[in-house]
Amino acid sequence: MEPAAVDVVVIGAGQAGLSAAYHLHRRGFEPIGRAQPGDETFVVLDAAVRPGGAWQHRWESLRMATVNGIHELPGFAVPPADPSASSRDILPAYFAEYEERYALDVQRPVAVRAVRRGDDDPAGRLVVETDRGTWAARYVINATGTWSRPFWPHYPGQERFRGRQLHVADYVSRDEFAGKRVVIVGAGISAIQLLDEISHVAETYWVTRREPEWVEEDFDIPARVAAIAGVEDRVRRGLPPGSVISVTGMHWTPWARAAEARGVLVRHPMFASIEEDGVRMPDGTFVAADVILWATGFRAAIDHLAPLRLRTPEGGIRVADGRSIDEPRLFLIGYGPSQSTVGANRAGRAAVRAIVGERTAAAA
């Protein structure tokens with residue numbers, strides 16, 4: 001069967017993907033199912049069963065008052081919500097309303113298996129293969145984010161541990177750890193937030209690979225902009241994006257200050273190995289543990305782009321202004337500097353602006 005022709009395929013309907021779809025529609029592109037002859041078209045493919053992006057998978061105790069960063073989609077503010085309401089209840093409903101309000105016709109669940117070049121013509125189409133058919137696109141906007149690829153470091157003895165190991169992606173509530181001893185691994189915002197939360201009901205032991213460099217200034221908008229610039233430089237050079245923390249240091253969030261005030265913000269060096277009932281520290285001491293919580297971040301979910309052979313020897317993809325340097329028909333948003341919600345919104349708009357500019361120039 002011949003691939004279905006479309007001008008733009010957007011892969012992913014989280015923050016970045018919906019931003020791109022919104023701007024495509026606003027600039028005159030029509031969802032493929034509503035298009036008339038002569039219309040420029042787009043289709044949004046999402047692997048999830050329902051709207052909400054990664055928000056639908058966040059832990060139960062993440063409240064609207066403690067959501068980190070800007071989370072509004074372009075053109076439609078989040079409706080007023082009780083600050084104590086769970087973000088995973090409020091924000092997926094908001095995403096669903098957004099998709100309906102702007103008639104984005106997201107197709108789901110659709111698993112994208114591969115993106116490859118249709119032929120050797122650099123101005124030809126990219127072929128997007130899915131479990132529900134194949135598309136031939138002039139451009140692909142990849143917005144698959146990171147939530148589906150939690151990163152689990154490997155340490156000696158990991159498979160011998162008799163307690164529970166889980167990643168932040170699997171976390172539900174502090175209540176499941178009541179009365180236990182929990183080793184929390186990681187230096188990111190989620191690690192500190194969950195350290196503060198879990199320490200109310202359990203004994204916590206926080207470890208990181210490097211000594212945190214605490215920055216006294218709050219993590220405000222200027223700090224976020226600086227973080228985005230630092231990660232942008234990495235991806236332009238084809239390096240793995242890295243984390244915001246690796247660029248900016250540790251900022252004093254409200255939960256970090258709360259944990260410090262209660263005396264639980266105590267960092268220990270990374271353990272050397274894992275044993276049946278705990279972890280062995282570099283100095284040889286043993287720390288008993290019931291649970292190891294890996295707050296070790298996520299990696300970009302881009303395995304389906306492998307046929308394009310864009311990875312550098314350093315393991316990243318060279319990207320500038322949200323666009324692949326080595327395959328200009330491909331945009332990567334929600335990748336590197338646009339992983340934040342504000343960055344994702346801007347990247348969606350920038351990708352569409354670039355596409356429209358090229359289409360206009362070609363038609364002139």
Side-chain angles (χ1 to χ4, degrees), residues 54-63 66-68 86-88 145-212 214 242-246 250-282 285-299 301 339:
W55 292 112
Q56 62 193 296
H57 307 299
R58 299 286 186 176
W59 54 90
E60 181 182 352
S61 58
L62 185 62
R63 305 298 169 182
T66 55
V67 167
N68 179 50
S86 174
S87 64
R88 75 177 189 182
T146 62
W147 188 261
S148 64
R149 284 203 63 202
F151 175 62
W152 292 73
H154 180 74
Y155 278 81
Q158 197 161 1
E159 67 285 347
R160 297 164 52 198
F161 186 61
R162 290 191 291 223
R164 181 184 177 194
Q165 295 187 65
L166 73 160
H167 192 276
V168 165
D170 306 308
Y171 180 79
V172 176
S173 168
R174 70 183 186 182
D175 297 337
E176 56 189 318
F177 306 120
K180 298 185 183 297
R181 185 177 176 90
V182 182
V183 173
I184 298 174
V185 184
I189 292 172
S190 294
I192 305 303
Q193 190 169 0
L194 295 184
L195 168 68
D196 176 48
E197 183 171 307
I198 294 169
S199 63
H200 285 276
V201 299
E203 185 180 354
T204 55
Y205 191 85
W206 176 40
V207 300
T208 69
R209 286 194 301 120
R210 290 184 292 270
E211 183 75 39
W214 291 98
S243 67
V244 168
I245 297 300
S246 68
M250 297 278 285
H251 285 262
W252 284 102
T253 59
W255 38 90
R257 295 192 185 280
E260 184 191 39
R262 291 189 297 105
V264 297
L265 190 68
V266 179
R267 178 264 177 185
H268 301 275
M270 190 64 195
F271 47 74
S273 63
I274 302 174
E275 300 181 12
E276 287 87 347
D277 300 308
V279 298
R280 185 69 60 180
M281 301 304 291
T285 59
F286 178 76
V287 176
D290 303 301
V291 180
I292 301 175
L293 173 59
W294 296 91
T296 45
F298 298 80
R299 297 293 183 264
Q339 284 183 38

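A distance of 12.0 Å separates OG in Ser190 from CG in Leu195, rounded to the nearest 0.5 Å. Separation of atoms OG (Ser273) and CE (Met281) is listed at 10.0 Å; rounding is to 0.5 Å. For the atom pair Asp277 CG and Phe286 CZ, the distance stands at 5.5 Å (nearest 0.5 Å).
A side chain to side chain contact (heavy atoms under 4.5 Å, CB included) with Leu265 is found for one member of Thr204, Asp196, Ile192 and no other, namely Ile192.
For the pair Leu293 and Ile198, the minimum side-chain heavy-atom distance is below 4.5 Å. Looking at heavy atoms from C-beta onward, His167 lies in side-chain contact with Thr296 at the 4.5 angstrom threshold. Between His154 and Glu159 the shortest side-chain heavy-atom distance falls below 4.5 Å. Between Val264 and Trp206, every side-chain heavy-atom pair lies at or beyond the 4.5 Å cut-off. With a 4.5 Å cut-off on side-chain heavy atoms, Phe271 and Val287 do not count as touching. A heavy-atom distance below 4.5 Å is found between the side chains of Arg164 and Glu176. Put simply, the side chain of Val182 does not reach to within 4.5 Å of the side chain of Asp290, judged on heavy atoms. Between Tyr155 and Ile292, the closest side-chain pair of non-hydrogen atoms is not below 4.5 Å.
Taking every heavy atom of both residues into account, Ala187 and Thr208 meet most closely at CB-CG2, 3.8 Å. Residues Ala169 and Phe298 approach most closely at CB-CE2, 3.9 Å, considering heavy atoms. The heavy-atom pair separating Glu197 from Arg174 by the smallest distance is O-CD, 3.3 Å. Between Gly186 and Ala191, the shortest heavy-atom contact is O-CB, 3.3 Å. The shortest non-hydrogen separation linking Phe177 to Ala202 is O-CB, 3.2 Å. Scanning both residues, Val185 and Met270, for their nearest heavy atoms gives CG1-CE, 3.6 Å.
Within 6.0 Å of the CZ atom in Arg160, the count of heavy atoms belonging to other residues, nucleotides or ligands exceeds 12.
Remark: the backbone N or O of Gln165 is not paired with any side-chain donor or acceptor of Gln158 at under 3.5 angstrom. A donor-acceptor pair is defined here as one N or O able to donate and one able to accept, closer than 3.5 Å; no such pair exists between the side chain of Arg280 and the backbone of Glu275.
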